[in-house]
Amino acid sequence: MMERKRTDCPALPPGWKKEEVIRKSGLSAGKSDVYYYSPSGKKFRSKPQLSRYLGNTVDLACFDFRTGKMMPGKLQKNKQRFRHDPLSMAKGGKPDLNTALPIRQTASIFKQPVTKVTSHPGNKVKTDLQRAIEQPKQLFWEKRLKGLRSSDVTEQVLRTMDLPKGLQSVGPDASDDTLLSAIASALHMSSAPITGQTSVAAEKNPAIWLNTSQPLCKAFTVTDEHIRSGAEQDQCPQGCRS
């Protein structure tokens, strides 16, 4: 036997009904189940079903499904519990900053003490080899630009810059285009001096001895004569250049 009580629900839009079913017999006698009915008669058994149906028309964040009332205090209490719950921190929540440090930031349900170790003069510091090793870099990335040519706004291919004879490529696909890309990238990305590959071994086996911080070219030196020659070309009118 069950007793059914259906009443209006003011917290929901007009026409919505709340039904409370009270059990009269059996082991669950005295317990009750709550259901909601839309104006069209559709039955809802849980708050998630109700939220999906109503969508953004009604904010059910502080809606209590059992009583059928809006309870803002309950929402605030849930926020505070989530903020101080260590399990919520493990799921991406913000850590509780109102604790005395140090605190072990783990998913444990209890706050466990942390032993703070202070260094002493007699201690030996161990080097972390994993962090000491230089991060890997891609070799010969300039080869990906092979066959690509720059063009102006009218889609006319720009003429490749003529490089000095003292610049010679090192590594596979030793072309002027690859060398130009390597030097331009080094000038743009690095603040260190550009010297080229100073090791002779890089010419024999660049895959092993290549210095990734330098462009793919043999070692070169810029003299005062090169600087004066470049300055004179910049000062010469365009018509006097060959």
Side-chain angles (χ1 to χ4, degrees), residues 1-120 123 125-138 141 144-145 148 189:
M1 297 293 295
M2 296 184 180
E3 179 183 356
R4 300 177 180 270
K5 296 181 180 180
R6 185 174 294 190
T7 58
D8 294 333
C9 183
L12 298 178
W16 281 81
K17 302 288 185 179
K18 172 195 171 188
E19 183 182 59
E20 185 175 4
V21 181
I22 304 175
R23 303 170 189 173
K24 292 294 186 178
S25 60
L27 298 176
S28 59
K31 295 184 179 180
S32 62
D33 299 318
V34 177
Y35 308 101
Y36 289 86
Y37 292 86
S38 67
S40 61
K42 185 176 178 62
K43 184 177 181 180
F44 298 89
R45 301 174 180 271
S46 64
K47 184 176 178 179
Q49 291 181 354
L50 199 62
S51 300
R52 287 193 295 268
Y53 182 81
L54 293 174
N56 297 329
T57 58
V58 180
D59 185 7
L60 299 179
C62 57
F63 177 74
D64 185 69
F65 190 82
R66 175 156 290 276
T67 62
K69 298 179 181 180
M70 294 292 182
M71 304 179 65
K74 181 178 179 180
L75 177 63
Q76 186 67 21
K77 184 177 180 181
N78 290 339
K79 288 183 177 180
Q80 293 178 355
R81 184 179 62 183
F82 179 81
R83 186 182 300 114
H84 298 283
D85 187 3
L87 292 179
S88 67
M89 293 165 47
K91 297 179 181 179
K94 295 181 179 180
D96 183 11
L97 301 179
N98 297 325
T99 56
L101 297 177
I103 290 294
R104 187 187 303 275
Q105 301 293 340
T106 64
S108 174
I109 61 175
F110 303 105
K111 293 181 179 179
Q112 303 177 7
V114 177
T115 303
K116 186 176 181 181
V117 180
T118 306
S119 60
H120 298 279
N123 290 354
V125 179
K126 296 182 179 180
T127 304
D128 190 350
L129 297 179
Q130 290 295 111
R131 295 187 178 183
I133 298 176
E134 184 181 0
Q135 295 297 325
K137 297 181 181 179
Q138 185 180 14
W141 62 266
R144 293 181 298 172
L145 304 178
L148 300 179
M189 301 297 296

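Since the model is a prediction, treat every value here as computed from it, not as a measurement.
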Shortest non-hydrogen contact between Ala11 and Gly68, atoms and distance: CB-O, 3.5 Å
Under 3.5 Å, which donor-acceptor pairs link side chains of residues 13-23 to any protein atom two or more places apart or in another chain?
from	atom 1	to	atom 2	distance (Å)
Lys17	NZ	Asp8	OD1	2.2
Lys18	NZ	Arg66	O	3.0
Lys18	NZ	Thr67	O	3.3
Glu19	OE1	Tyr37	OH	2.9
Glu19	OE2	Arg6	NH2	3.2
Glu20	OE2	Ser32	OG	3.2
Arg23	NE	Asp33	OD2	3.4
Arg23	NH1	Ser28	OG	3.2
Arg23	NH2	Asp33	OD1	3.2
Arg23	NH2	Asp33	OD2	2.7

Asp64 side, atom CG; Leu60 side, atom CG - distance, nearest 0.5 Å: 11.5 Å
Lys43 atom NZ: more than 12 heavy-atom contacts under 6.0 Å: yes
For Ser46, side-chain contact (heavy atoms from CB on, under 4.5 Å) partners two or more places apart: Pro48, Gln49
Centroid-centroid distance, Tyr36 to Tyr53, less than 6.0 Å: no
Min side-chain heavy-atom separation Leu50-Phe63 under 4.5 Å: yes
